[in-house]
Amino acid sequence: MYCSLHVPHLPLPPSQRWLLATDLQQEVYRHLALYVPRIFCLGPSRGSSREEQREEQREELACQLLLLAPLEWLLLGEDPASGLALLQEKNLPSPLCGHVFKVGEPTYSCRECAADPTCVLCMQCFLGSVHKEHRYRMTTSGGGGFCDCGDAEAWKKGPYCSKHTPTESSMHSQEDPVAQLPADMVARSYSIFSIILKYAVDMLTWEQEGQLPEGLAPPEKEDTFYCMLFNDEVHTYEQVIYTLQKAVNCSQKEAVSFATTVDRDGRKSVRYGDFQFCEQAKSVIVRNTSRQSKPLRVQVMHSSVVAHQCFALKALCWLGQVIQYSDGLRRILCQVGLQRGPEGENSSLVDQLMLNDSKMWKGARNIYHQLLMNSLLMDLKYKKIFAIQFAKNYERLQCDYVRDDHDREFSITDLSVQIFTVPSLARMLMVEENLMTTIIRTFVDHLRHRDLQGRFQFDRYTAQQAFKFGRVQSLIGDLKYVLISRPSEWSDQLRVKFLEGLDAFLELLKCMQGMDPVVRQVGQHIEMEPEWEAAFTLQMKLTHIISMIQEWCSTDEHVLIEAYRKCLSALSHCHSSLPDGEQPISLSLAGHHVETFRYQVSQDKVSIHLPVCRLLAGLHVLLSRTEVASRFPEQLPLGELSPPLLIELPLRCLVLCAQVHAGMWRRNGFSLINQIYYYHNVKCRVEMFDKDIIMLQAGASMMDPNHFLMIVLSRFELFHIFSSADCRKRYREANKDVVQQNNTLIEEMLHLIIMVVSERYVSGVGQVEPFDEVRREIIHQLSIRPMAHSELVKALPENGNKETGLERVIDTVASFKKPGVTGRGLYELRPDWNKHFNLYFHHYSRADQSKAEEAQRKLRRQNGEDTALPPPLPPSLCPLFGSLVNLLQCDVLLAVEGAVLQWAVEPSGGCWTESMLQRVLHLVGMALLEEQQQLENSSGADDVTFNYICKITRPGEAPSTSGSVLALLESLQNAPHLEVHKDMITWILKMVANIKTMRERTTSTSTVTISQGQGPEETVRDKDKAERKRKAEMARLRREKIMAQMSEMQKHFINENKELFQQSLEELEASTSAAAETSPPSLEDTCLSQVCVGPRRVCGAERRQLVTCILCQEEQEVRGQGKAMVLAAFVQRSTVLSKNRQRSLPEPERHDPLLMHPDMSMGIHTASCGHIMHATCWQRYFEAVQLKEQRRQQRLRGHTSYDVENGEFLCPLCECLSNTVIPLLPHTHSPNPRYTHFTIAVHTHLNTDSHTPKSYVDLSEGRIMSDVPVSLSNPFSSSINEMITTFSMSTYKVGLKVNPNEQDQRVPVLIWSSCAYTIQSIGIHTHTPEKYSVYSLDQSGRSGVDSAHLHLLYLVTVAHLVQILLTSTTEEVCMDQDSGASEEEELTCKLYNTLRKHLGGVLPEVSSGWQLFHCVKVGILPFLRAAALFFHYLNSTVPPADLLVAGPGQWEALCSYLSLPSSLLQIYQSHHTLLEPLIHRWCCHPGVRQTLQGGGVIVRFPRVSNRLIELPEDYSVLINQASSFTCPRSGGDKSRAPTLCLVCGSMLCSQSYCCQTEVDGEDVGACTAHTFTCGAGLGLFLRVRESQVLFVAGKTKGCFYPPPYLDDYGETDQGLKRGNPLHLCLERYRKIERLWRQHGVAEVIGHAQEANQTLVAIDWQHL
Ligand SMILES: [Zn+2]
Ligand SMILES: [Zn+2]
Ligand SMILES: [Zn+2]
Ligand SMILES: [Zn+2]
Ligand SMILES: [Zn+2]
Ligand SMILES: [Zn+2]
Ligand SMILES: [Zn+2]
């Protein structure tokens, strides 16, 4: 390469001089001061990439030769090339891979073995690891971060891949790698590294714009400056581009390039010149961008400063490269970097870099971060020292980061993930640097806004504070890293520091306890929706932390006890404000009395945020689970607990939810609804709703159950209803709304009681394992309906490791059903798990509950069972919660049950509800189950304390003075208004009977196992079953009848209710194939002698054709002189058959469409959905569509899925995208003049004669034809003619992309061109006509026209034969020449040799006639098929049976059908003299010789049909491929949205400014631009990062389509969010391919846009 830089002659190589120098730094600096400004940044930087690239290359070379090479010499003491190689050879590499990820590179994590989800492998390491066979997760890297292969702490198993497995020797040599280096080299390295690193640090942190550090000042200072523009995250691309154009007077294109670089590197010089000149630009930029926000940062810097900063970056890169050769050098660099300077604390070079991080520009940060990763983080010893430094500076770095506006990936704080996730480091930092406390304190410090009680107050945040809050959340991420793996061993110090951290954490939680309180709004609606999101964001972010802290506590008894104490005291602190001095109220019911607060949720403040209570609930469960409570009761402050106080706040919160459900808080707006939603949502509930239930359980188990229930009644504000009988009556007469509210509240309260007693699937509450909890969740999800894997994952809470535990249990409870070509795989609950179904499962929403109930009842009916849904058998409670069951049999609950049952005696009328009754029955059932279980597990009935039966047989007390609960149940059993509950009541009564017998038996003998449903009930059951079956059958018949009526009616109403009619693609296909069925003729009247062309043609039967108009539903006969009938049709340009995608599209004005180029690079395709309309009906319809569109455009500048201005519309029946109509022509005998014109034109063309021949020799019969017969009589009515014109004009307009022009000679030709292309596209993909309905287009008379047709067919056939032979690729095979060559073979040889004679040596010599003939036969078959298809439709001749089946007889059948001799060469033979001159002329065409000599793409026959590109089986191969793809326009930059063209395999840089191109005066993205060269405006792409197929058509239309990649659960992963390994599903890919080949893509887009209006608004052209 030419290097323009003058290399000065030096007296001594610098390295030699340096060796002798006394002050090396001074010498090196002098060298740099001299050369750096002469190498870097010489002159203006332009936006144009060519010049810039050359300049860059020049800099690179000079830098290497003049600056770096001397350093290398000095370092190694010899030629760098050999020195470095030697170094590497001797090096014992560390087992760490340390590969730093590029943006978009695939990373792999093992879900079984990774210590946490941040542990990842690069593709290379992954493929060589054991995890390949495990359950792994695949993601794309956001850049930064490195491969953890070789880090033993990162993996529970298999930490090394095959490449990084430590060798024997390296395992044993634990010595210092520095010791392996020669001593003099060590000394030199120290001094060089410290000089260069210091230089780089000084330059990067240098803040003076016109001065340089001491020793670097250039010999002479020139007045050359740069105007440097810096990146910020405030201004948009457009703003920057606009400003730049204004400020530095550059073109739009240059401005775009500047802006792109600023965005990528963080800064870019936009002007070069003297100081004044640059200052001027600066002031314009500042002025223009300071209006809305703080201005863009601009600096005018001296060129030498910029040059040294450039070299500083190069020097850092160089250091990073050099240390790759030797672990010894790496360690030396680490040492140099971390060595304290004379200033003491925080004075090492690395400290200086870190502390100045937020002041540096993006590019500089990236480079030094990368160096840190390559050096400090790769050396285990120095990683530790660095970690300590990092932790010491933690608070300051975070503050810098929060103030800065760059994304976190560009901040030094992002390295926390590399340090804190190493458990040993994290633990060390916790102990030595008190890291946990530091992080939490730093976080809390940033949230200063508090209310009077010290709680966070997010609603007062300004925009800037909100932004800060967004950034400061990353600290919670750091805390998560520190806590993610819990300790297996505790040291005393760790305990102390953890508990200290917990103190800080409790301080944080205290600030959250009670935040965002709400007060019920009465009278008027709230004026402004209060801010609620910030508080929930915080709660959501902390959810995993809270869970992790509990996990830590669970591993150490001492810590758990202390944590419990601390949490309790924090809670007491929160409670101190609770009883505000007022007199408590006392309640009495059913003979019990209790005192409680005077408080009403509906009137006082209430908050959803109670993290302190909830943490205590979590710890309480741990006391139970770890049995600490029973083993060390004396150490626990259990005596200090006040159960009524514990339950108070959670109960208020639950009551709030109930009241919201009951509609009492309607005036508080959506913010409250949202809060309630998230409170129950899977993302929050574990540490919110679930813990509140647990707290109630804990409280209830420590209280008298009657007292508990009375407090619950009181908080629900229902106490009065159950305490006096007439109160209810009063209410009944009162306001209807109030009655309804109270009904809902009663339902909610009963539900709460059910949950408190029956939710036992938390380990510690019930005797279960975590395994059981997940399984129960899954059972209940699948009870609603079968679900896909991803749906289930979404319904389950994730832990900090992003695991749900689903995989461990799913196969035991569900069976997997694989997906078909559409849809996804589903899990279905195994029937034996149905008995675990609990209708009142606490995580069901009301909607889920009713769906599940319906599904379960249906299932039971199908199995012929009764429809009772009794409570399932619950697991046993843990001892600490054991007394919970007493709630079921306490007097207050019995009173409530009695009251509800009493109300239910009379039909509702609004005073009670079915749900209420259902819940009471459920509670009764739970009690009975409990009693039964206790009886079964006991030795005698006497020690069973639970005696529910006894209590319900007692007559009721006040207020319900009627009979006992049991008596009430018995009386309700046959109540006609309770039919739905009958099965459940029956179940209850049966249980009662069972238990009674049990009690009797156990008192007399030992335990007897009781089974349900025996004896006389059996027969009743069978009868029931039979009856149900009969009813079901009746219902089915009725349904079928209705269905039949429906479909009849649908046909007629489809048009009136068009918008309701969303026909799916599948249905569409069905309907069109049904339409196609009418076109192939029946087989009955076929015989072998059918001929479709020429004088011997057999005419199709003259049959009447009746069709129905889809618009007016009238029947109509198709007649030449009748009303025109048309088919909706879509004409589009197509390159599907193209054999040459390089060829540019034809010029519209000059293109001659008569003959298609054999490479078929562009054609016009016509398709129809087959729906028939009157032409007049269609016209009216189309006018209406136009009118509607005009009106719509006035309202909102119209976006529709179809472009009315271009004549597009949707088929009124199937909504298929259409842009023209095809007229239906009848089967008649009259000739069509248009086709005759076409005949003449083709004939002329093949004769390469410019005149229309007056006469020619008919090839088929050998007689001379005089004038071509042109019939002038027009056989069609004017309306049909009009439609013919419409259709031909569409093909003209779309095909040539021109404006309509009826005068153009090419108009009629284009119809035939489209016809030919469409037939070929059908013929090439299938063997039988499938979806095409050009009905008979022409019926010519038997006269000369027929002969002309046949003549033409012969002529074209011969031409094609020549074409095939010219392009045949017969290789000379040494085979025994069969002496007895057939006549055909000889003739083929003869023709071939004639061609050789004309063309000379261009054609190879071929002696095997057999091979040639084989070529011809195979090559011409598609043509014969297409011809047969064409004449079949043209002449309505029924094809012979042989034609319809593929097989050996095809050839003969085709030839005979087409009236050709079965030995085609005969044509040539018998008209030898006539054809010879023609052939001569064809061969002598200059293009033929040129092409054959390699001057173009040779198309060979038969043309192989095009396929979409091959895709790899494993999706990560694609990701990897895309990650190394760079934007073709911006010099080696990574593309943000690499997109693969599925048609040609090009990778494109989509959705980005850099690759926009102008097409027809409009800037479009790379994909759209590509479609115009590759697909005539239509494209199919795979967006690799998104795992999404993209269809685009034209500039405005597009849609996304499911990718052909599926995970093991049969699901796609659009957006690559889940990260399950993806594999190619060939069937789905073939489906996409089929869509493309059948020209169905535009239609899919239309349907997608019609169904989803948001797709219309996307700027597809920018992709
Ligand atoms: Zn690796
Ligand atoms: Zn590896
Ligand atoms: Zn693994
Ligand atoms: Zn009609
Ligand atoms: Zn249709
Ligand atoms: Zn392409
Ligand atoms: Zn690009």
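Just so you know, ligand 1 is whichever comes first in the structure, and atom 1 is the first atom listed for that ligand. Note that the numbering runs from 1 along the sequence shown for the chain. Computed from a prediction, not measured in an experiment: that's the story for all the values here.
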Residue pair Lys1595 / Val1564, side-chain heavy-atom distance below 4.5 Å: yes
Metal environment of the Zn ion (ligand 7), protein N/O/S under 2.8 Å: Cys1527 SG, Cys1549 SG, Cys1554 SG, Cys1555 SG
Six-ring centre of Phe410, Lys362 cation under 6.0 angstrom, axis tolerance 45°: yes
Opening angle at the Zn ion (ligand 6) [SG, Cys1574; SG, Cys1544; to 10 degrees]: 120°
Min side-chain heavy-atom separation Val240-Phe258 under 4.5 Å: no
Thr1539 (side chain) donor-acceptor with Leu1582 (main chain) under 3.5 angstrom: no
Residue of the set Thr1571, Val1543, Leu1542, Leu1663 for which side chain to side chain contact (heavy atoms under 4.5 Å, CB included) holds with Phe1581: Thr1571
Leu1210 vs Glu1650, side chain to side chain contact (heavy atoms under 4.5 Å, CB included): CA-CA, chis, key distance, verdict: CA-CA 10 Å; Leu1210 301 180; Glu1650 208 47 26; 3.6 Å; yes
Pairwise side-chain contact, Thr1557 with Asp1563, heavy-atom cut-off 4.5 Å (strictly under): no
Geometric class of the His1165/His1639 ring pair [parallel <30°, tilted 30-60°, perpendicular >60°]: parallel
Side-chain heavy atoms of Val1126 within contact of Thr1220, under 4.5 Å: no
Pairwise side-chain contact, Asn1506 with Trp1636, heavy-atom cut-off 4.5 Å (strictly under): yes
Distance filter under 2.8 Å, centred on the Zn ion (ligand 4) - protein N, O or S atoms that pass it: Cys1109 SG, Cys1112 SG, His1174 ND1, Cys1177 SG
